[in-house]
Protein chains: 2
Amino acid sequence: MSALQVAGAPVRTGASSVLFSVIPRLVSTIAGPAAQVATAPSSRRSALHHVTLKDIAREVGVSVMTVSNVVNGNLGRVSPATAARVEAAVTALGYVPNAAAQSLAARRTRLVGLLLPSRPDDTSLLASPHDVAVTGAVEAALRSRDHHLMLRGVATARDVSDSVRRWSLDGVVVMGFTDDEVRALDLPATLPTVVVDAAAGSGLAQVRSDDRTGGRLAGEHLTALGHRHLLICGPAGTASGVVAQRVAGFREAARRAGLPDDAVTVADTPTTYEGGVALGARIAPQVRAGTLTAVFATADILAAGVARGLGDAGLRVPEDASVLGYDDADLARHVTPRLSTIAQDTTRKGHVAADLLLGLVTGQHAEPRSETIPVALTARESTGPAPA
Amino acid sequence: MSALQVAGAPVRTGASSVLFSVIPRLVSTIAGPAAQVATAPSSRRSALHHVTLKDIAREVGVSVMTVSNVVNGNLGRVSPATAARVEAAVTALGYVPNAAAQSLAARRTRLVGLLLPSRPDDTSLLASPHDVAVTGAVEAALRSRDHHLMLRGVATARDVSDSVRRWSLDGVVVMGFTDDEVRALDLPATLPTVVVDAAAGSGLAQVRSDDRTGGRLAGEHLTALGHRHLLICGPAGTASGVVAQRVAGFREAARRAGLPDDAVTVADTPTTYEGGVALGARIAPQVRAGTLTAVFATADILAAGVARGLGDAGLRVPEDASVLGYDDADLARHVTPRLSTIAQDTTRKGHVAADLLLGLVTGQHAEPRSETIPVALTARESTGPAPA
DNA sequence: CTGAAAGCGCTAACAG
DNA sequence: CTGTTAGCGCTTTCAG
């Protein structure tokens with residue numbers, strides 16, 4: 001806005017002359033270092049020439065501080081005329097601030113870390129479609145607010161420190177860890193932190209889907225379809241409040257539907273397709289015997305695996321057994337049968353995580369908050385009436 | 001190694017005394033700033049206290065440069081005894097170098113950008129499973145070589161500049177763009193750059209699968225199965241050397257199999273599941289008429305969509321038509337039927353991209369190289385004999 | 001409204 | 001082998 005304003009304002013001739021006087025000088029400024037580099041040993045590549053505040057200041061004939069103030073939008077401290085000339089020079093020279101210098105001087109980096117688990121054997125971070133979607137949304141949200149994202153796989157507190165302290169990250173989003181793992185990361189107490197889908201320790205903000213409701217919706221859907229022998233599967237063995245909540249909601253729904261507590265069993269499985277396939281194979285006999293007719297998985301990828309495992313065993317989904325997922329990842333629409341699932345808006349989740357974090361960073365809200373993303377049942381093809 | 005060596009070495013008392021003398025002092029050092037912040041307006045959060053080289057130098061009683069040399073492994077310039085004492089203090093105080101300061105002083109950031117397309121309407125970056133896999137591998141490779149990854153969605157040259165120059169990135173990996181788009185990004189000429197799956201302009205390194213061979217393998221597989229009416233689909237309308245190569249290889253195989261040139265047609269489709277579904281619906285009549293029996297898609301996600309579109313139209317894959325994908329993403333094993341595909345090792349691809357880039361950065365190989373990732377046919381369930 | 005001074009934490013280039 | 005000197009580019013005081 002101010003740039004346009006300035007351009008159209010009746011500025012004194014100085015402003016426009018800058019546009020012409022500036023270019024030749026810049027060229028000569030560049031020539032020096034460039035020539036130097038050419039003769040130097042080529043083992044280190046020349047850095048791109050960086051137009052500095054000083055360059056602008058020299059051009060316009062003002063102090064570095066004035067330029068800094070204009071660039072940073074502190075227009076209250078600069079006369080419109082001066083601001084105009086500075087703006088013009090900034091544009092003409094293509095000035096881009098140096099983040100490292102700003103970090104050093106201002107103790108603010110505008111750099112946010114996204115910490116994901118880097119398991120030694122694991123294929124990679126971003127194995128979970130859910131995490132991928134949230135990651136993209138976090139990046140977009142940060143970008144729109146002039147921040148940058150550092151993507152980092154971490155396994156230990158040392159890894160965390162290596163990123164957070166070394167880069168003086170303004171804050172971090174932590175995703176994909178169990179409650180215990182988050183604790184083991186030993187995040188610096190003063191570091192603005194948002195935890196996604198895990199229990200936030202003291203002083204950490206948190207974003208998660210409405211897990212309890214999600215579990216309940218799942219239970220209601222399945223019991224409404226007449227299922228009376230239910231299995232919920234996911235990483236139940238790990239200390240995970242998320243899974244616990246979903247299980248609790250699921251059980252609650254079953255209870256309300258008049259089912260005995262033992263109508264719901266819990267299977268501890270990793271959140272992977274392969275884990276699901278294995279489980280599907282394992283439970284096939286029970287499905288065949290009619291002692292199990294519906295499975296609720298804590299993630300679509302897992303549900304897809306279960307459906308596959310069941311299918312490989314010669315069972316039909318949903319005729320012989322219903323399978324319900326969680327997340328509504330793209331995957332849910334890609335597999336056959338299309339997955340019924342508890343949908344959550346991962347794009348929104350990422351945005352909320354970013355907003356929460358930046359709120360913490362800027363001190364807008366001092367107290368770390370906890371946000372819940374709404375969920376909704378999306379019934380597709382993988383769930384159906386309980387077999388007679 | 002040296003740290004352990006030091007700990008066990010018969011160092012003079014100075015070394016061990018450091019461990020004790022150091023802690024109390026540090027506490028008082030911290031107390032100052034911390035107290036200050038508490039009374040200051042809380043709008044800006046206190047940065048984590050940063051132990052500096054100076055702190056270590058003061059502790060050990062040497063110059064900052066000596067500490068710097070030890071920390072950076074320039075052991076040639078420091079006596080073992082001094083190095084030992086410094087190492088001890090570094091460990092005791094938990095020193096972590098400040099990347100911003102290093103960047104500023106050394107003109108090297110150890111920060112690499114991964115630039116992905118950020119399309120306005122697009123769901124997000126990382127929409128493609130292939131890109132997700134490569135991203136994870138790049139991060140892991142960089143991490144193992146003490147570099148960090150900045151993930152950034154860009155659409156314009158300005159976006160690029162905003163990241164690259166602002167953060168003085170050591171280099172960038174560019175992925176997910178068409179040849180034209182890469183050109184439009186106007187990457188700084190001197191910036192070490194590796195382009196994944198797109199034509200590298202002058203002076204850019206490149207990583208891509210062996211697209212020509214991939215296309216040929218696809219063509220051979222399909223023609224060997226007796227197919228004589230082939231369709232290849234992908235973003236053919238965009239200027240993409242990758243697609244062109246795959247098409248060329250595919251055509252070559254068809255020709256060698258004795259098919260006329262018009263046996264192969266090309267369909268321009270976006271690389272999305274939805275694009276595939278739409279195409280599947282569109283070609284269903286031809287499949288039914290027997291004038292088309294096999295489809296080769298340039299990505300698994302697209303192939304999965306085509307299979308779905310065909311299925312929705314009441315056609316069977318592979319009985320009525322074969323569908324062949326590319327990449328061998330996880331997805332290929334998740335959908336039904338499981339996708340036959342041209343497999344490439346995306347993990348390796350990411351590693352190679354990172355290696356290539358760091359080679360460029362360190363000046364190891366001055367000339368930007370081009371690396372090719374081998375491909376192989378993985379036959380699963382989506383391809384079969386041509387219908388009689 | 002504008003400028004001068006000082007320093008963020010680190011490293012190159014020299015001196016000793 | 002070790003220390004000194006000078007900045008990297010920017011922002012924060014504090015003076016005009």
Side-chain angles (χ1 to χ4, degrees), chain A residues 29 33 36-37 40-41 43-44 46-58 60-86 90 93 95-110 165-168, chain B residues 29 33 36-37 40-41 43-44 46-58 60-86 90 93 95-110 165-168:
Chain A
T29 305
Q36 223 173 50
V37 166
S43 62
R44 179 168 295 145
S46 69
L48 303 182
H49 176 73
H50 206 141
V51 177
T52 70
L53 282 188
K54 216 186 205 171
D55 293 330
I56 311 266
R58 188 172 22 235
V60 181
V62 294
S63 80
V64 173
M65 266 323 294
T66 300
V67 180
S68 173
N69 281 135
V70 173
V71 168
N72 293 3
N74 296 340
L75 275 313
R77 314 185 175 206
V78 183
S79 78
T82 306
R85 295 166 57 209
V86 170
V90 162
L93 295 182
Y95 169 76
V96 175
N98 180 319
Q102 288 183 314
S103 307
L104 211 50
R107 283 120 190 293
R108 176 181 49 45
T109 57
R110 293 187 163 277
R165 294 180 54 193
R166 185 154 161 199
W167 286 100
S168 312
Chain B
T29 304
Q36 224 172 49
V37 166
S43 63
R44 179 168 295 143
S46 67
L48 303 182
H49 176 73
H50 205 141
V51 178
T52 70
L53 282 188
K54 213 186 206 168
D55 293 330
I56 311 266
R58 191 177 14 242
V60 181
V62 294
S63 80
V64 173
M65 268 322 293
T66 299
V67 180
S68 173
N69 282 135
V70 172
V71 168
N72 293 4
N74 296 340
L75 275 315
R77 314 185 175 208
V78 183
S79 77
T82 307
R85 295 166 57 210
V86 170
V90 163
L93 295 183
Y95 169 77
V96 175
N98 181 320
Q102 288 182 315
S103 307
L104 213 49
R107 280 121 189 292
R108 176 181 49 45
T109 56
R110 293 185 165 277
R165 294 179 54 192
R166 185 156 163 197
W167 286 100
S168 312

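Just so it is clear: chains get the letters A, B, ... in the order the sequence lines come, proteins before strands, and each one is counted from 1.
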How far does CD1 of B:Ile56 sit from OG1 of B:Thr66, to the nearest 0.5 angstrom?
12.5 Å
Test item: A:Leu104 and B:Leu104 side chains (from C-beta on) under 4.5 Å apart, heavy atoms
yes
Give me the atom names and distance for the closest heavy-atom approach of A:Lys54 to A:Val64.
CA-CG2, 4.1 Å
Of all the heavy-atom pairs spanning A:Thr52 and A:Tyr95, show the shortest one and how long it is.
C-CE1, 3.8 Å
Strictly under 3.5 Å: I want the nitrogen or oxygen pairs between protein and nucleotides 14-16 of chain D, one per line.
none

Which pair of heavy atoms, one from A:Ala100 and one from B:Ser103, lies closest together, and at what distance?
CB-CB, 3.8 Å
Protein-nucleotides 8-10 of chain D N/O pairs under 3.5 Å:
| residue | atom | partner | partner atom | Å |
| --- | --- | --- | --- | --- |
| D:dC8 | O3' | B:Arg107 | NH2 | 3.4 |
| D:dC8 | O2 | B:Leu104 | O | 3.4 |
| D:dC8 | O2 | B:Ala105 | N | 3.3 |
| D:dG9 | N2 | A:Ala101 | O | 3.4 |
| D:dC10 | OP1 | A:Tyr95 | OH | 2.4 |
| D:dC10 | OP1 | A:Asn98 | N | 3.3 |
| D:dC10 | OP2 | A:Leu53 | N | 2.6 |

Is any side-chain heavy atom of B:Val86 less than 4.5 Å from a side-chain heavy atom of B:Val78?
no
Separation of D:dT12 P from A:Met65 CE (nearest whole Å):
8 Å
What pair of heavy atoms forms the shortest contact from A:Leu75 to A:Val70, and how long is it?
CD2-O, 4.4 Å
How close or far is atom P of D:dC1 from atom CG of B:Leu75, stated in whole angstroms?
10 Å
A:Arg165 CZ to C:dC10 C1': how many Å, rounded?
16 Å
If we fit an axis to the first five pairs and another to the last five of the helix from C:dC1-D:dG16 to C:dG16-D:dC1, what angle do they make, to the nearest 10°?
40°
Rounded at 0.5 Å granularity, tell me how far CG in A:Asn98 sits from CH2 in B:Trp167.
9.5 Å
For a quick test of reading the model: is some side-chain N or O of A:Thr66 closer than 4.0 Å to OP1 or OP2 of C:dG3?
yes
Gap between atoms CG and C1', on B:Asn69 and C:dC10 respectively (whole Å):
12 Å
Does a side-chain N or O from A:Ser63 land closer than 4.0 Å to OP1 or OP2 of C:dA4, or not?
no
For A:Thr82, report the nucleic acid contact type (base, sugar-phosphate, nothing); a contact means any heavy atom under 4.0 Å.
sugar-phosphate
Closest heavy-atom contact between A:Leu53 and A:Ser68?
CD1-CB, 3.7 Å
Pair B:Val60, B:Val67 - check side chain to side chain contact (heavy atoms under 4.5 Å, CB included), show working.
CA-CA 9 Å; B:Val60 181; B:Val67 180; 5.7 Å; no
What do you reckon, is CZ of A:Arg77 surrounded by more than 12 foreign heavy atoms closer than 6.0 Å?
no
